Amino acid sequence: LVACGDSTRQVSVTDIAQAAARQEDQVDVQNLASWLIEGRRDFHLVDVRVPEQFERGAIESAANIPLAQLFSEDALAALPRDRKVIVYSNGCQNAAKAAVLLRLSGINAHVLNGGYQRWHAEVLNPDIPAQASPGEGADIAQQRAYACYFVGERSGVAQSAAGAPAPFVPPVFSEPAEEDVALPPPAAEEGC
């Protein structure tokens with residue numbers, strides 16, 4: 001099967017299916033958070049949600065290329081072929097579709113497991129105490145560190161210019177379910 005793009009490269013649907021079955025095509029939010037903190041440059045992050053959702057909240061350094069536009073000639077040409085492309089949507093459904101189609105196009109695409117909703121819940125606003133407690137696990141401390149890095153101090157210890165504690169205000173995110181989002185037009189209404 002040869003998809004749009006470089007017609008000299010053939011992609012095996014079986015290889016793509018086996019990678020998906022082994023979950024080799026997924027990246028979890030904790031790994032992505034670590035990679036962003038480390039400043040790694042071996043991946044490219046793509047948000048496939050509509051611009052209105054992207055503007056309400058996105059992961060730093062992500063490019064917004066809505067799913068309906070992702071397979072345009074210009075969008076495909078702009079995606080790197082020499083590094084991982086991590087795609088995300090609100091959950092996983094649209095991102096998984098995008099990743100499979102990108103892999104068929106010869107791009108090393110991966111899905112952010114849980115999408116922006118999981119990023120928001122586990123990295124930006126984890127359900128953990130703001131203050132460290134004796135004997136807490138390393139995973140709790142790591143979640144707190146991610147939230148501190150991406151959102152800011154959560155404990156209220158930080159001081160404002162007036163000397164009063166600066167309260168932690170969690171980011172607000174309320175998105176419609178992925179199924180409620182308008183679908184792209186049928187293929188007959190778009191060009192390849």
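These figures come from a predicted structure and were not determined experimentally.
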Problem set entry | Residues R83, N108; criterion side-chain hydrogen bond (donor to acceptor under 3.5 Å, both in side chains); working and verdict | CA-CA 7 Å; R83 38 190 178 138; N108 184 15; over 6 Å; no

Among residues at least two apart in sequence or on other chains, which ones pass side chain to side chain contact (heavy atoms under 4.5 Å, CB included) with [X]?
X	answer
A145	none
P51	E55, N64, P66
A98	V48, L67, L70, V87

Exercise. In chain order, what residues pass the side-chain hydrogen bond (donor to acceptor under 3.5 Å, both in side chains) check against E122, with sequence neighbours excluded?
Worked result: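 Counting only residues at least two positions away or on another chain, E122 forms a side-chain hydrogen bond (donor to acceptor under 3.5 Å, both in side chains) with Q30, R118.
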
Exercise. Sequence neighbours excluded, which residues qualify as side-chain hydrogen bond (donor to acceptor under 3.5 Å, both in side chains) partners of D82?
Worked result: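 Listed in chain order: nothing, the list is empty.
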
For this session: Carefully, step by step, assess S61 and L36 under the rule side-chain contact (heavy atoms from CB on, under 4.5 Å).
Result: CA-CA 9 Å; S61 78; L36 288 168; 3.7 Å; yes

How close do [X] and [Y] get, heavy atom to heavy atom, and via which atoms?
X	Y	value
A75	Q69	CB-O, 3.4 Å
F71	S105	CE2-OG, 4.2 Å
E60	L45	O-CD2, 3.8 Å
V111	A95	CG2-O, 3.8 Å
C92	G114	SG-N, 2.9 Å
Y88	G115	CB-CA, 4.2 Å

Problem set entry | side-chain contact (heavy atoms from CB on, under 4.5 Å) between L76 and L102, intermediate numbers included | CA-CA 8 Å; L76 281 175; L102 286 170; 3.7 Å; yes

Exercise. Between atom CH2 of W119 and atom CG of L32, what is the distance when rounded to the nearest 0.5 Å?
Worked result: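 Nearest 0.5 Å value for the CH2-CG distance: 4.5 Å.
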
Got [X] and [Y] here, is their nearest side-chain heavy-atom distance under 4.5 Å?
X	Y	result
H120	N125	yes
V85	H110	no
H44	I86	no
I59	V123	no

Exercise. Only one of Q142, R144, Q143 clears side chain to side chain donor-acceptor pair (under 3.5 Å) with Y146; which?
Worked result: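 Filter result, single survivor: Q142.
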
Exercise. Quick one: ring-ring contact (aromatic ring centres under 6.0 Å, His included) partners of F43, sequence neighbours excluded?
Worked result: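 Partners of F43 by the ring-ring contact (aromatic ring centres under 6.0 Å, His included) criterion, ordered by chain and then number, come out as W35.
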
Exercise. Under 3.5 Å, is there a donor-acceptor pair between the side chain of R103 and the main chain of A109?
Worked result: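 Side chain of R103 to backbone of A109, a donor-acceptor pair under 3.5 Å: yes, one is there.
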
For this session: Go through the side-chain N and O atoms of N113 and Q26 and say whether any donor and acceptor fall under 3.5 Å apart.
Result: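 Yes - a donor-acceptor pair under 3.5 Å links their side chains.
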
